[in-house]
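Below: one structure, written as C-alpha cells.
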There are 2 protein chains.
Amino acid sequence: MSVIDTLISGLQVLPGVGPKSAQRMALHLLLREREAGEALAHAMHVAMRDVRQCNLCRNLTEQDICGLCKDAKRDAGLLCVIESPADVLAIEQAGGYRGFYFVLNGRLSPLDGVGPGQLGIDQLLQRIDQLSPAELILATNPTVEGEATAHYIAQRVGDKVANISRIAHGVPLGGEIEYTDGGTLTHALQGRRTIV
Amino acid sequence: MSVIDTLISGLQVLPGVGPKSAQRMALHLLLREREAGEALAHAMHVAMRDVRQCNLCRNLTEQDICGLCKDAKRDAGLLCVIESPADVLAIEQAGGYRGFYFVLNGRLSPLDGVGPGQLGIDQLLQRIDQLSPAELILATNPTVEGEATAHYIAQRVGDKVANISRIAHGVPLGGEIEYTDGGTLTHALQGRRTIV
C-alpha cells in the first residue's frame, strides 16, 4: 500500500469520515497544508501517547491532575458528575458553571458489563470526602441508563452530601412546545417554577 | 494550550471540519481508537515528509516515479492530461482507462499567477516525446479555465501527437434531461453519436 493510500485509509478511523472525504482530506493536506499536516501528525502522536485520566476527576488530561481540578478559583462547594469528557467541554463552553467535575466515562449498563467499578464510583466517594461539597449535581444524560446511574450514585453517596440535585429536563431554548416530545413536556410541566 | 486543545485545533485544518467535529474526532480517538490514532499520526507524518511529485507525470507519490508510470501493462499509446491528483483517483476508480496520465496540478489562471511554467507544460512536452502516444486526451475540467488550459496545451503540442481529443460533455448517467442546464444540453446535442 502506498504512503498516500495508508493515509487515506487511516483517516477513515475518524468519526463521519468515509473513503471519499478521507481522500479529499489527504489530498488537501498533501497539496495545500503540508506544514499544518505535519503539525497535526505531531499533535496527534503526542495526544495518543500522553493523554490519560486525571487522578482526581477522571477527565482526559496529559498531567497527573487536570487544569480544572488544579484551578484554585473554582467553587469547591459544587461537584458535578457527568458521563463523558465531551460533557465537560459542553458545560465549560456554556460558561455558567464554576464548580468541579467528576467524569464517569460511561454509564451503568449491566448488559454491556459496565458496573460501578468501571465508572470509578469509589474514586467519586473519595473525591467527595476530599472536597466535602455542599451540593452534588448529577448531570448524567436523560436516558434510561443515565437516570439509573444518577439514582445509583445518589444512593451510594447517601448523607455524605447535604444536597444532591439532578439537572432540569424541559423544553430547550429556541425549541417549540408544539414539536416537543411528550416525555420532555411532562418533565417541563412537573418542573415548573413560580416566576412572581 | 493543553495537548487535547492542540489536537482539536490541529484537526480543524482538515476540509469540512469545524470546532465541534474536531472535538468529536479528538475525543473519539482518545477514548476509543488510541492505537488507530497513533497509526494515523504516523501515516500522516510519513506522508507529509515523503510524498512529492512523480518525475514523469507530476502525480503525488513517495517514490521518484509513481506506480502508474512504472506499470508496464498500461497502454503507452494513450496519455491523459488532468488538473489534479484527485482526477487520477476518480478515473482509476471508474476503471475504464488503461493509459498514462500527466497531472498539471492546476489550470491556467493568469489572475492568480498560474502560467504554463507552474503547470509543467515543458515536462508534458518531454513526456510526449518519450512516449510518442497515438492519442493525447485533454481531461481538464469543463470550466472557463479548464477549457482555456486544454486549448493552450492543444496548441503547444501541435503536430507532435496525431490525435488530440477532449473528454465528452453531456448529460451525466442517472441525470434527467429536464433538469440539465442549457450549456450541458447544447454540448450533449452537439456531441450526439449515430447508434445504428
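Below, read A as the first sequence line, B as the second, and so on, with proteins coming before strands; counting in each chain starts at 1.
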What do you reckon, is NE2 of His28(A) surrounded by more than 12 foreign heavy atoms closer than 6.0 Å? yes

Going hydrophobic residue to hydrophobic residue with side-chain gaps under 4.5 angstrom, can you get from Leu125(A) over to Tyr152(A)? yes

Okay, Thr61(B) and chain A: the region with an atom under 4.5 Å from a heavy atom over there is backbone

If the condition is salt bridge (charged side-chain N to carboxylate O under 4.0 Å, His left out), which residues does Asp159(B) pass it with, not counting sequence neighbours? none

Run the side-chain contact (heavy atoms from CB on, under 4.5 Å) test against Arg74(A) and tell me which residues pass, sequence neighbours left out. Leu68(A), Asp71(A), Glu92(A), Tyr97(A), Arg98(A), Phe100(A), Tyr101(A)

Which value, rounded to the nearest 0.5 Å, describes the distance between Gln53(B) atom CD and Leu31(A) atom CG? 8.5 Å

Among Pro15(A), Gly10(A), Ala43(A), which has the most heavy-atom pairs under 4.5 Å with chain B? Pro15(A)

Measuring from Arg24(A):CZ to Leu89(B):CG, what's the distance to the nearest 0.5 Å? 14.0 Å

Quick one: of Gln63(B), Lys20(B), Arg34(B), who has the most non-hydrogen atom pairs under 4.5 Å with chain A? Arg34(B)

Part of residues 75-87 of chain A lying next to chain B, heavy-atom separation under 4.5 Å: Pro85(A), Ala86(A)

Does atom CD1 of Ile177(A) have more than 12 heavy-atom neighbours from other groups under 6.0 Å away? no

Which region of Gln93(B), side chain (C-beta onward) or backbone (N, CA, C, O), has a non-hydrogen atom less than 4.5 Å from a non-hydrogen atom of chain A, or is it both or neither? side chain

For chain A, which residues from residues 106-123 of chain B lie under 4.5 Å away (heavy-atom distances)? none

Chain A: which of Asn105(B), Asp50(B), Leu29(B), Leu27(B) shares the most heavy-atom pairs with it under 4.5 Å? Leu29(B)

Enter the distance from Met44(B):CE to Leu40(A):CG here, rounded to the nearest 0.5 Å. 4.5 Å

Chain B: which of Val46(A), Leu30(A), Thr6(A) shares the most heavy-atom pairs with it under 4.5 Å? Leu30(A)

Roughly how far, to the nearest 0.5 Å, is the CD atom of Glu33(A) from the CG atom of Leu14(B)? 9.5 Å

Bottom line for Ala47(B): the part with an atom under 4.5 Å from chain A's heavy atoms is both

How long is the gap from CG on Leu7(A) to CG on Leu60(B), to the nearest 0.5 Å? 11.0 Å

Does any backbone or side-chain atom of Glu62(B) lie under 4.5 Å from a heavy atom of chain A? Answer side chain, backbone, both or neither. side chain

His45(A), part contacting chain B, at a heavy-atom distance under 4.5 Å: both

Identify which of Ala39(A), Cys66(A), Gly37(A) forms the greatest number of heavy-atom pairs closer than 4.5 Å to chain B. Gly37(A)

Could you tell me which non-hydrogen atom of Val17(A) sits nearest to which non-hydrogen atom of Met25(B), and how far apart they are? CG2-CE, 3.7 Å

Group every Ile, Leu, Val, Met, Phe, Trp and Tyr by side-chain heavy-atom contacts under 4.5 Å, then state whether Val161(A) and Leu104(A) land in the same group. yes

Transitively linked via ILVMFWY side-chain contacts under 4.5 Å: Val13(A) with Met48(B)? yes

Kindly work out whether a path of hydrophobic side-chain contacts (I/L/V/M/F/W/Y, heavy atoms less than 4.5 Å apart) joins Leu136(A) to Ile91(A). no

Within one Ile-Leu-Val-Met-Phe-Trp-Tyr cluster: Ile164(A) and Ile167(A), side-chain cutoff 4.5 Å: no

